[in-house]
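Shown next, in structure tokens, is the structure this report addresses.
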Amino acid sequence: MYYAQVNQLTHHPSRTMIVIGNGQIMATPSSVQLQIEVQTQGNHVQGPQQENAAIMNEVMQSLIALGIPREQIQTASYTITPLYNFEDGKQIFNGYEVVNAISVNVSDTNDLGLIIDTAVENGANRITNIQFKMDHTDAYYQQALSLALQNAQLKAKTIAETMHLPLQPLPVEIVEEQANTPILYRSMTVSSGITPIEQGQIAIDATVRVKFQY
């Protein structure tokens with residue numbers, strides 16, 4: 001009886017490893033936005049309204065005198081709220097509160113303490129919503145993305161060398177993970193005679209998931 005010889009080919013299944021690469025770029029904020037408020041109260045609405053308008057006008061003029069362009073000062077909100085006290089379970093009218101808030105955008109973050117002091121000296125009684133911002137964040141993100149890819153390659157190489165694996169240098173798949181909102185890392189800066197404001201850097205992160213064959 002004749003049996004045909006069958007050559008059996010040994011099949012080596014493709015083996016892969018997946019690594020996560022991370023990259024981070026630290027950048028100095030390029031601008032800052034803050035909200036400056038004037039709050040006034042009175043028994044009749046006209047009184048606190050007029051007082052508020054006069055004070056806010058002084059605040060705005062003082063900011064313009066510092067060199068802040070008028071177009072960088074905008075009204076954020078204006079509210080008139082009746083006030084009540086509760087005594088013995090009864091609601092008792094206690095006048096009105098008027099709140100006028102302006103949003104100020106400043107390109108030089110080093111001037112922030114001086115701006116706050118100037119506003120307060122001219123009648124502002126509340127400062128809120130200080131937000132440091134970055135321009136051209138996409139350029140910084142591209143740098144972080146490049147670092148993330150390098151990080152992934154280094155991780156894969158370390159794993160392969162440790163485990164004595166024949167790593168293929170070119171990845172077979174690269175997935176960009178969702179970018180996170182830039183995070184502000186703060187460090188205290190103190191200026192003599194001026195309100196100290198926490199100046200910091202913004203961290204821009206990138207993450208990739210990379211698959212390699214070996």
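Reckoned from all heavy atoms, side chains included, excluding hydrogens, waters and symmetry mates. Since the structure is predicted, the reported quantities are computational estimates derived from the model, not experimental observations.
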Matching residue for Asn22 among Asp205, Leu147, Thr207 - test: side chain to side chain contact (heavy atoms under 4.5 Å, CB included):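 Looking at Asp205, Leu147, Thr207, the match for Asn22 under the side chain to side chain contact (heavy atoms under 4.5 Å, CB included) is Thr207.
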Side chain to side chain, [X] and [Y], heavy atoms closer than 4.5 Å:
X: Phe212; Y: Gln153; result: yes
X: Tyr214; Y: Gln168; result: no
X: Val45; Y: Ile80; result: yes
X: Lys133; Y: Ser31; result: yes
X: Gln33; Y: Ser103; result: yes
X: His44; Y: Tyr96; result: no
X: Gln131; Y: Leu34; result: no

Side chain Glu97, main chain Thr81, donor-acceptor under 3.5 Å: no
Check: Thr40 side chain, Pro48 main-chain N or O, donor-acceptor pair, under 3.5 Å: yes
With Ser30, the side-chain hydrogen bond (donor to acceptor under 3.5 Å, both in side chains) member among Thr109, Asp135, Thr137, Asp108: Asp135
Reported CG-to-CG distance for the pair Asp117 and Asp111, which is rounded to 0.5 angstrom: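 Atom-to-atom, Asp117:CG and Asp111:CG are 11.5 Å apart.
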Nearest-0.5 Å distance, CD1 of residue Ile174 to CG of residue Leu149: 5.5 Å
Following the transitive rule for hydrophobic clusters with a side-chain heavy-atom cut-off under 4.5 Å over Ile, Leu, Val, Met, Phe, Trp and Tyr, establish whether [X] and [Y] coincide in one cluster.
X: Ile127; Y: Val59; result: yes
X: Ile115; Y: Ile130; result: yes
X: Leu167; Y: Met163; result: yes
X: Tyr141; Y: Val175; result: no
X: Leu154; Y: Val210; result: no

Side-chain H-bond candidate by donor/acceptor type, Gln35 with Glu37, under 3.5 Å: yes
Trace of the side-chain contact (heavy atoms from CB on, under 4.5 Å) decision for Glu121 with Ser62: CA-CA 9 Å; Glu121 288 170 2; Ser62 69; over 6 Å; no
Exercise: identify the closest heavy-atom pair between Ile18 and Arg209: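 Where Ile18 meets Arg209 most closely, the heavy atoms are CG2-CG, 3.4 Å.
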Step-by-step side-chain contact (heavy atoms from CB on, under 4.5 Å) determination, Gln41 to Leu83: CA-CA 9 Å; Gln41 295 181 2; Leu83 302 175; 3.7 Å; yes
side-chain contact (heavy atoms from CB on, under 4.5 Å) between Tyr78 and Val98, intermediate numbers included: CA-CA 8 Å; Tyr78 185 89; Val98 178; 3.5 Å; yes
Chi angles and distances behind the side-chain contact (heavy atoms from CB on, under 4.5 Å) call for Gln24, Met26: CA-CA 7 Å; Gln24 184 179 87; Met26 303 297 293; 3.6 Å; yes
